Amino acid sequence: MNMRFDVIVVGAGHAGTEAAWAAAGALGPGGRVALITMDPSTIGTMSCNPAIGGLGKGQIVREIDALGGLMGLAADASGILFKVLNASRGAAVRGPRCQNDKYAYRAHVQHLLSQRAEVTVISGRVDRLEHESGGRITGVLVPPGGGPVQANRAALEVNRRMNALAVPLYPSHPTEADRFSEPTTLLAPAVVLTTGTFMRALMHTGDEQVEGGRAGEGVAVGISDMLSELGFELGRLKTGTPPRLLRSSIDWNGLDPQYGDESPIPFSDLTSSDQFPVMPQVDCRITRTDARTHELIRSNLHRAPMYSGAIDAESGPRYCPSIEDKVVRFEDRDSHHVFLEPESLFTQEVYCNGISTSLPADVQKHMVHSMPGCEQAEILRWGYAVEYDMVRPHQLDSTGMTRLVDGLFLAGQINGTSGYEEAGGQGLIAGLNAARLARGLPLVTLARDQAYIGVMMDDLVTRTPREPYRMFTSRAEHRLLLRADNTDQRLTTWGREHGLVDDVRWSAWKARSEELDRLRALCTVRISGEPTLEEVLKRQDSAWDEVVAIASRRGSGQLDESLLKRVATEHQYEGYIRRQAAEVKRQQRSESVRIPLGIDPHSIAGLRNEARDALARYQPTTLGQASRVEGITPADLTLISLAIRRTAPQK
């Protein structure tokens with residue numbers, strides 16, 4: 001039995017849902033996308049911290065939204081605490097973030113997907129990747145028992161009555177009538193793998209080991225073997241999650257509260273400000289470890305597989321380390337903050353942000369009880385570590401397609417990244433390009449000066465991550481151009497050109513663009529006896545109330561303060577922005593110099609062996625990309641440039 005699609009997406013986490021959504025948009029009406037997942041009821045699950053955004057990450061969410069993606073819409077619909085990080089610092093390093101109701105987030109993603117007629121959700125695992133002998137993907141094999149599932153409209157009605165999206169729309173398994181009775185091949189010219197932490201996954205709590213990539217869920221075994229057979233170099237990474245506590249068993253009195261912003265800012269440009277926030281807002285509380293906690297951890301390090309070496313993985317996340325790693329690496333500190341974050345308005349679960357661990361249950365219990373406010377806390381779920389297979393991302397190009405197999409795309413943690421936001425950005429690019437390949441169109445990329453997503457894709461293919469990759473503003477050399485407030489003017493036109501941006505979003509952007517032009521024009525209007533708005537904005541001591549008052553006197557109609565703030569930023573940082581734009585133009589010259597496929601690195605005279613090996617491993621496509629490859633020096637670039645000129649056709 002065969003079923004035919006344009007694009008197949010394997011995995012339905014944050015990378016998979018964005019990939020399916022983007023592919024459906026790029027294919028347009030009549031397109032066919034299969035979204036395969038072991039349990040459709042878990043589509044869009046927030047498996048770790050129920051939060052979206054942050055420093056660098058918030059910019060990615062805004063970019064996904066500007067390109068017509070899901071994440072910003074789902075975050076706004078399910079956010080229970082919104083806060084802009086670094087709000088007192090410069091515009092380039094501010095990061096919008098929200099705490100989410102994890103069940104509402106999951107259900108809202110499912111709700112949005114159920115509106116896409118182009119997407120067919122299929123319950124099942126993938127046993128084999130089908131491909132031609134020449135290395136082109138042709139589809140996947142799904143074993144008996146899997147099959148398509150339909151969104152449950154009754155669940156949607158339940159959510160409506162609750163005035164919140166908290167019930168999954170998709171059933172766990174297909175009905176008897178829809179179940180595959182024999183192995184079934186799903187055919188497609190493009191396949192996107194977004195397997196998360198599920199490839200040969202093993203979960204650890206102390207000495208206990210359970211197969212699976214997430215608590216209570218299964219493991220994908222066959223895909224690792226298939227990728228190895230196809231010649232891919234695999235690696236193994238590890239990550240961890242903290243224990244969850246019962247909210248009513250925590251003594252909240254005396255714990256410092258962490259509030260959201262008084263006037264929260266949504267992620268999505270389509271979220272109506274007069275109906276935002278959608279869900280009731282809550283606060284988080286801060287507790288902390290102390291010297292007793294640290295001594296307990298040190299005396300039990302030999303029982304923590306995340307730290308002791310019992311896990312067969314190279315490294316864990318440097319920027320979100322386990323509490324075991326923190327205690328050892330920062331031995332001069334006798335305390336670490338722990339944020340107690342409610343996971344839902346509908347349940348009692350509390351996430352302990354700051355104590356990811358693989359320690360055994362008895363140690364975790366004493367550790368939690370040593371923290372203020374948690375002396376009597378009931379632990380709903382123990383923390384655990386998970387180790388999983390990944391594909392070395394130098395085997396991709398920045399379109400998300402692998403170099404070894406045409407039509408095979410990878411996105412998310414399979415590429416050695418961490419975080420919902422990084423996964424979503426990769427999924428969008430992979431899904432878009434999978435659709436373009438299916439339609440016979442050239443694949444596209446985002447540049448480093450265009451988007452944080454472009455920075456991430458370029459980083460992944462020019463250096464091998466030694467720990468799960470995480471986005472920060474410091475990774476973007478043009479971060480003043482890549483602010484969270486201007487994602488629409490950077491990306492919405494690009495998204496429209498490639499079929500990602502629908503009519504509603506396009507109309508909204510055109511209206512904002514016209515208003516921005518009006519506000520920019522107001523900046524040079526002079527009223528007798530008053531400075532221009534441009535002059536006020538460039539003063540160090542200008543107050544925002546004064547800016548608003550002057551803009552109101554010069555304009556007519558209602559003033560959009562969020563757009564006025566964007567115009568203010570453009571004027572306040574005008575000199576820096578102009579310098580970065582000039583630097584971008586200089587760099588674009590080297591980015592436009594293509595490295596011909598026929599150049600053999602080992603034939604370039606004078607090139608160091610390290611540089612030859614780096615070129616062969618990473619296969620940069622432009623001279624600019626080669627300049628960012630590990631092991632390439634400026635002297636090497638000169639020799640590579642000469643080799644390119646020698647191979648260029650004579651005029």
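Side chains are part of it too, since the values below use all heavy atoms of this structure and drop only hydrogens, waters and symmetry mates. None of the values given here were measured: they were computed from a predicted structure.
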Peer 1: Judged by atom type as modelled, is there a donor-acceptor pair below 3.5 Å linking the side chain of R448 to the main-chain atoms of G454?
Peer 2: no

Peer 1: Testing Q572, H571, E574 for side-chain hydrogen bond (donor to acceptor under 3.5 Å, both in side chains) with K538, which one passes?
Peer 2: E574

Peer 1: Are the charged groups of D458 and R463 less than 4.0 angstrom apart, N to O?
Peer 2: no

Peer 1: Do any N or O atoms from the side chain of S552 and from the backbone of V548 form a donor-acceptor pair under 3.5 angstrom?
Peer 2: yes

Peer 1: So does D6 pair up with R439, basic N to acidic O under 4.0 Å?
Peer 2: yes

Peer 1: Say whether, by atom type as modelled, one donor and one acceptor occur between the side chain of T194 and the main chain of G11 under 3.5 angstrom.
Peer 2: yes

Peer 1: Dump the intermediate steps for side chain to side chain contact (heavy atoms under 4.5 Å, CB included) on V109 and W21, then the final yes or no.
Peer 2: CA-CA 10 Å; V109 168; W21 184 264; over 6 Å; no

Peer 1: Let me confirm one number: the CG-NE2 distance from D256 to H337, rounded to the nearest 0.5 Å.
Peer 2: 7.5 Å

Peer 1: State whether the side chain of R479 and the backbone N or O of G56 hold a donor-acceptor pair below 3.5 Å, judged by distance alone.
Peer 2: no

Peer 1: Do I64 and T487 touch side chain to side chain, with heavy atoms closer than 4.5 Å?
Peer 2: no

Peer 1: Using 30° and 60° as the class boundaries, would you call the ring planes of W494 and H498 parallel, tilted or perpendicular?
Peer 2: tilted

Peer 1: Working note: R505 + D502, criterion salt bridge (Lys or Arg N to Asp or Glu O under 4.0 Å); need CA distance, chi angles, decisive distance, verdict.
Peer 2: CA-CA 6 Å; R505 185 179 294 278; D502 62 17; 5.0 Å; no

Peer 1: Tell me if a side-chain donor or acceptor on Q59 pairs with a main-chain N or O of R94 at a distance below 3.5 Å.
Peer 2: yes

Peer 1: Taking all non-hydrogen atoms of both residues, which atom of V192 and which atom of A19 are closest, and how far apart?
Peer 2: CG1-CB, 4.2 Å

Peer 1: Under 30°, 30 to 60°, or over 60°: which ring-plane class applies to Y105 and H14, parallel, tilted or perpendicular?
Peer 2: tilted

Peer 1: Roughly how far apart are R106 CZ and N100 CG, rounded to 0.5 Å?
Peer 2: 13.5 Å

Peer 1: Is Q489 close to W509 at the side-chain level, that is, under 4.5 Å between some pair of heavy atoms?
Peer 2: yes

Peer 1: Which distance, rounded to the nearest 0.5 Å, do you find between the OG1 of T17 and the CG of L428?
Peer 2: 10.5 Å

Peer 1: What's the shortest heavy-atom distance between L73 and S268, and which atoms?
Peer 2: CD2-OG, 3.3 Å

Peer 1: In Å and rounded to the nearest 0.5 Å, what is the CG to SG distance from N353 to C48?
Peer 2: 8.0 Å

Peer 1: Do F267 and M71 have side-chain heavy atoms sitting under 4.5 Å apart?
Peer 2: no

Peer 1: Examine distances only and state if a side-chain atom of E63 and a backbone atom of I453 form a donor-acceptor pair shorter than 3.5 Å.
Peer 2: yes

Peer 1: Between the side chains of D269 and R62, is the shortest nitrogen-to-carboxylate-oxygen separation below 4.0 Å, so that they form an ion pair?
Peer 2: yes

Peer 1: Restricting to non-hydrogen atoms, name the atom on A438 and the atom on V7 that form the minimum distance, rounded to 0.1 Å.
Peer 2: CB-CG2, 4.5 Å

Peer 1: Which pair of heavy atoms, one from G416 and one from M390, lies closest together, and at what distance?
Peer 2: CA-CE, 3.5 Å

Peer 1: Can any side-chain N or O of T445 pair as donor or acceptor with the backbone N or O of T399 at less than 3.5 Å?
Peer 2: no

Peer 1: With a 4.0 Å cut-off on N to O distance, would you call R97 and E341 a salt bridge?
Peer 2: yes

Peer 1: Does Y573 have R483 sitting over its ring (NZ/CZ under 6.0 Å from centre, angle to axis within 45°)?
Peer 2: no

Peer 1: So do V391 and I414 actually touch side chain to side chain, heavy atoms under 4.5 Å?
Peer 2: yes

Peer 1: Does any donor atom in the side chain of S78 or D101 lie under 3.5 Å from an acceptor atom in the other side chain?
Peer 2: no

Peer 1: Below 4.0 angstrom, N of the basic side chain to O of the carboxylate: do K565 and D485 qualify?
Peer 2: no

Peer 1: For a 4.5 angstrom cut-off between non-hydrogen side-chain atoms, does I265 reach F82?
Peer 2: no

Peer 1: Tell me, with the steps shown, if E422 and R470 meet side chain to side chain contact (heavy atoms under 4.5 Å, CB included).
Peer 2: CA-CA 7 Å; E422 290 88 344; R470 179 177 177 179; 3.7 Å; yes

Peer 1: If you measure only the distance, is there a donor-acceptor pair under 3.5 Å linking the side chains of S562 and D560?
Peer 2: yes

Peer 1: Examine distances only and state if a side-chain atom of Y420 and a backbone atom of N49 form a donor-acceptor pair shorter than 3.5 Å.
Peer 2: yes

Peer 1: How many angstroms lie between NZ in K57 and CZ in F472, if you round to the nearest 0.5 Å?
Peer 2: 7.5 Å

Peer 1: Is E515 salt-bridged to R518, going by a charged N under 4.0 Å from an acidic O?
Peer 2: yes

Peer 1: Do E591 and Q587 have a side chain donor and acceptor closer than 3.5 Å?
Peer 2: no

Peer 1: With distance as the sole test, does D636 use its side chain to make a donor-acceptor pair with the main-chain N or O of T633 at under 3.5 Å?
Peer 2: yes

Peer 1: Evaluate side chain to side chain contact (heavy atoms under 4.5 Å, CB included) for Y618 paired with V461, printing each intermediate quantity in order.
Peer 2: CA-CA 7 Å; Y618 293 100; V461 302; over 6 Å; no

Peer 1: Would you check if C284 and P342 make a side-chain contact, meaning some heavy-atom pair closer than 4.5 Å?
Peer 2: yes

Peer 1: When you compare the side chain of I644 with that of P596, does any pair of heavy atoms fall below 4.5 Å?
Peer 2: yes

Peer 1: Could you check whether E546 pairs with R539 (Lys NZ or Arg NE/NH1/NH2 to Asp/Glu carboxylate O, under 4.0 Å)?
Peer 2: yes

Peer 1: Using modelled atom types and a 3.5 Å cut-off, is there a donor and acceptor pairing between side-chain atoms of Q625 and backbone atoms of T622?
Peer 2: no

Peer 1: What is the minimum heavy-atom distance between A551 and L522, and which atoms define it?
Peer 2: O-CD1, 4.0 Å

Peer 1: Which atoms form the tightest heavy-atom contact between N86 and L55, and what is the distance?
Peer 2: ND2-CD2, 3.6 Å

Peer 1: Do V629 and L615 have side chains that approach each other closer than 4.5 Å (heavy atoms only, starting at C-beta)?
Peer 2: no

Peer 1: Pair R520, L533 - check side chain to side chain contact (heavy atoms under 4.5 Å, CB included), show working.
Peer 2: CA-CA 9 Å; R520 289 173 184 131; L533 187 56; over 6 Å; no

Peer 1: To the closest 0.5 Å, what do you measure between OG1 (T462) and CD (Q619)?
Peer 2: 13.5 Å

Peer 1: Decide whether Q426 and N415 meet the rule of one side-chain donor and one side-chain acceptor closer than 3.5 Å.
Peer 2: yes

